[in-house]
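In what follows, a structure is listed as structure tokens, so that the remarks can point back to it.
So that the names make sense, note that chain A is the first sequence line, chain B the second, and so on, each numbered from 1. Note that the structure is a prediction, hence the values are computed from the model and not measured. All values below were derived from every heavy atom in this structure, side-chain atoms included, with hydrogens, water molecules and symmetry-related copies excluded.
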Amino acid sequence: MSAERRIALVRAPGDAWTAVDLDAAGDEVSRTTLGAGEAAAWVARTEAADAPRWILRSARDDYPFLLAAGVRLGRAHDLVLCHAILRDTASAARPLTASPRWVRTDPAETAPALFDLDDARAEGDAVAAVLAQYGEQRRVIAEADDGRLSLLCAAESAGGLIAEEMRAAGLPWDERVHDGILTETLGARPAAGGLPSRMVELGDEVRRLLGDATLHLDSQPKLLRALHRAGVPAESTGRWELAAYDHPVIAPLLSYKKLSRLLSANGWGWLAEWVREGRFRPVYIPGGVVTGRWASAGGGALQLPRSLRPAVRADPGWRLVVADVAQLEPRMLAAMARDEAMAETARGTDLYAGVVASGAVATREEAKYAVLGAMYGATTGDSGRLVPRLRRVYPQAMALVDAAARTGEDGGVVSTWLGRSSPAPSADWQELQARATGADADPALVAQARRRARDWGRFTRNFVVQGTAAEWSLIWLAEIRHRLRGFADAERPAPASGPFARASHLAFFLHDEVILHVPEEHADAAADAVRDAAAVATTRLFGTFPIDVRLDLRIADSADK
DNA sequence: AGAAGTTGCGCG
DNA sequence: AAAGCGCGCAACTTCT
């Protein structure tokens, strides 16, 4: 932190850039104006010489230009991402003043129009706005002063860089393997407009068994009426509901629905639209979920079905490092609550086995549903029935989530370990609660308010756990990236072009899982980097508290399990 | 005709 | 098999 050079890098319309050197107090030291043609080279030189922290309006808007020119940044402060955190955090005495100017532009919209429109007058205004906002953000971070917001903003900003780098690098994707899976599962690829052969056969069989030769299976209401006529009194066409009925049409119908889903979500159309040059390049949106988890836009990056994972293939001469965390969220809960009993349970690879060993429940499956129920707020069903047993064995951990739920039910705000705070409940919600507290309130209204209060309580209960897990993952990612940057270039470049053709890189991230794509000569070192990064993430968050965070990790040519 | 809402299912 | 949290997307139906 001490002698770190800080440079605000501001893009103006027309891809002219201004770089402003700041001193430790955040005041301007000097200013360099850069034309579009020279900006990337100047940034690359400065990065190589001083490794500064780059203050950007938004990595999403600003970084692709640099990546396209082959320039990678080491460290950043992303004003848009940090604005969202610092505006809402309960950790600050005087949080950031909310400003629409610093709100992320919608993924659907293009270009950072908001900012430019606002300040089209002069480039100087855009620079002044960036410097002023950075000053404000530094004030909020410094006032909180226990290091947590500072760590969170640094990690969030690193995430902003990583999201763009992963898009630029892409996930290596073998179109032939994908096509093979589709053909094997769905049947021969149809001529334009038609359905693949297996779907045609299954559809015909369903129609025959339902006695309706022209039934359109993709229409919920029509399908439901046909099922009723055939003697299946289902209330919906959902998978779980249908599976409960014993009728010859159920099996082919469920198969048809499964295939239909694969075709519409990740069929040949998806392949043509989203995979180019052997790379899947989704749009990641760091902090896109209120809890701090990432969201994605386009391509369904976070919903890739496991059945397609064999299509994730390393390039020749390269390897994948595939790692995911075993039961990240309950481990975070144990550490946040400083619950020694639960931490003891978490020692080892399988937390659920530990719960069984503690005597709380009899089987691993029960342990899983009990733990999930505890974090999600289950009250009924088998899961809800098991939660009280956990309360006896892990009173501290349960007290933490129970308190978060109560705060939410009362309309309060909860925060993650590093200080990302939950949104306040909506005006609607608050008004409903207010109306239901009157002495003469309608009992139906009171019941409805109570229900909505519990709904919000389940959200805040889960928020603290899911959000803290997102923070662990963010630090993990940043630490992995930091280590990979020290690796030498590949002896053999990947066939795909771009800034990562020779560089070990993160290729995919999904809440508690990463995939790295690395030259084979670095695969073992990359695996070590992933493990070391996990250990550092745990220590950064929880210091010496003895929480075990285990990875399942493998080096492979394919992401298939 | 197009927007908005609903359903169902993929992921963690 | 489990009913509890957070998402995105496609296809359908209903509303304007």
Separation of [X] atom [atom1] from [N] atom [atom2], in whole Å?
{"X": "L333(A)", "N": "dC5(C)", "atom1": "CG", "atom2": "P", "answer": "17 Å"}
{"X": "R225(A)", "N": "dC12(C)", "atom1": "CZ", "atom2": "P", "answer": "15 Å"}
{"X": "K368(A)", "N": "dA3(C)", "atom1": "NZ", "atom2": "C1'", "answer": "15 Å"}
{"X": "L372(A)", "N": "dA2(C)", "atom1": "CG", "atom2": "P", "answer": "14 Å"}
{"X": "R461(A)", "N": "dG4(C)", "atom1": "CZ", "atom2": "P", "answer": "13 Å"}
{"X": "M398(A)", "N": "dG4(C)", "atom1": "CE", "atom2": "P", "answer": "15 Å"}
{"X": "L262(A)", "N": "dA10(C)", "atom1": "CG", "atom2": "P", "answer": "14 Å"}
{"X": "R458(A)", "N": "dA3(C)", "atom1": "CZ", "atom2": "P", "answer": "12 Å"}

Any W417(A) side-chain heavy atom under 4.5 Å of F542(A) side chain
yes
Of K222(A) and A301(A), the one whose closest DNA chain C nucleotide lies more 5':
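Going by which nucleotide is closer to the 5' end, it is A301(A).
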Is the backbone of [Y] close enough, under 3.5 Å, to the side chain of [X] for a donor and an acceptor to pair up by distance?
{"X": "R293(A)", "Y": "V290(A)", "result": "no"}
{"X": "R279(A)", "Y": "A169(A)", "result": "yes"}
{"X": "S260(A)", "Y": "K257(A)", "result": "no"}

OP1 or OP2 of dC9(C) less than 4.0 angstrom from a side-chain nitrogen or oxygen of S264(A), does that happen here?
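Looking at the OP1 and OP2 atoms of dC9(C), neither is under 4.0 Å from any side-chain N or O of S264(A).
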Look at the side-chain N and O atoms of H216(A) and state whether any lies under 4.0 Å from the OP1 or OP2 oxygen of dA11(C).
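For H216(A), the contact criterion (side-chain N or O under 4.0 Å from OP1 or OP2 of dA11(C)) is not met.
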Mutual orientation of the aromatic rings belonging to H511(A) and F509(A) [parallel < 30°, tilted 30-60°, perpendicular > 60°]:
perpendicular
Geometric class of the W294(A)/Y284(A) ring pair [parallel <30°, tilted 30-60°, perpendicular >60°]
perpendicular
Answer with base, sugar-phosphate or nothing: what part of the nucleic acid does [X] contact at a heavy-atom distance below 4.0 Å?
{"X": "T291(A)", "value": "nothing"}
{"X": "A295(A)", "value": "sugar-phosphate"}
{"X": "G299(A)", "value": "sugar-phosphate"}
{"X": "F459(A)", "value": "sugar-phosphate"}

Should dA4(B) form a Watson-Crick or G-U wobble pair with both distances under 3.5 Å, which nucleotide is its partner?
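In the structure as shown, dA4(B) has dT13(C) as its Watson-Crick or wobble partner.
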So if I define the base as every atom that isn't primed, P, OP1 or OP2, how would nucleotides 1-12 of chain B read as a B/S/- string at a heavy-atom cutoff under 4.0 Å?
------SBBBSB
Candidate nucleotides [options], ranked by approach to the side chain of [X] - the nearest:
{"X": "V290(A)", "options": "dG4(C), dC12(C), dG6(C)", "value": "dG6(C)"}
{"X": "V289(A)", "options": "dA11(C), dG6(C), dA2(C)", "value": "dG6(C)"}
{"X": "D218(A)", "options": "dT13(C), dC12(C), dA2(C)", "value": "dC12(C)"}

Any side-chain donor paired with an acceptor under 3.5 Å for Y394(A) and T345(A)?
yes
Could you check whether T416(A) and T468(A), counting side-chain N and O atoms only, form a donor-acceptor pair closer than 3.5 Å?
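No, no side-chain donor-acceptor contact under 3.5 Å.
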In a check of side chain to side chain contact (heavy atoms under 4.5 Å, CB included) between R313(A) and each of L320(A), D560(A), V177(A), which one passes?
V177(A)
May I ask you to decide whether R420(A) forms a salt bridge with D88(A), counting only side-chain N to carboxylate O separations under 4.0 Å?
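So R420(A) does not pair with D88(A) through a salt bridge.
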With syn defined as a glycosidic angle within 90° of 0 and anti as the rest, where does dG4(C) land?
syn
Between N or O atoms, less than 3.5 Å apart, protein on one side and nucleotides 14-16 of chain C on the other: list the pairs.
none

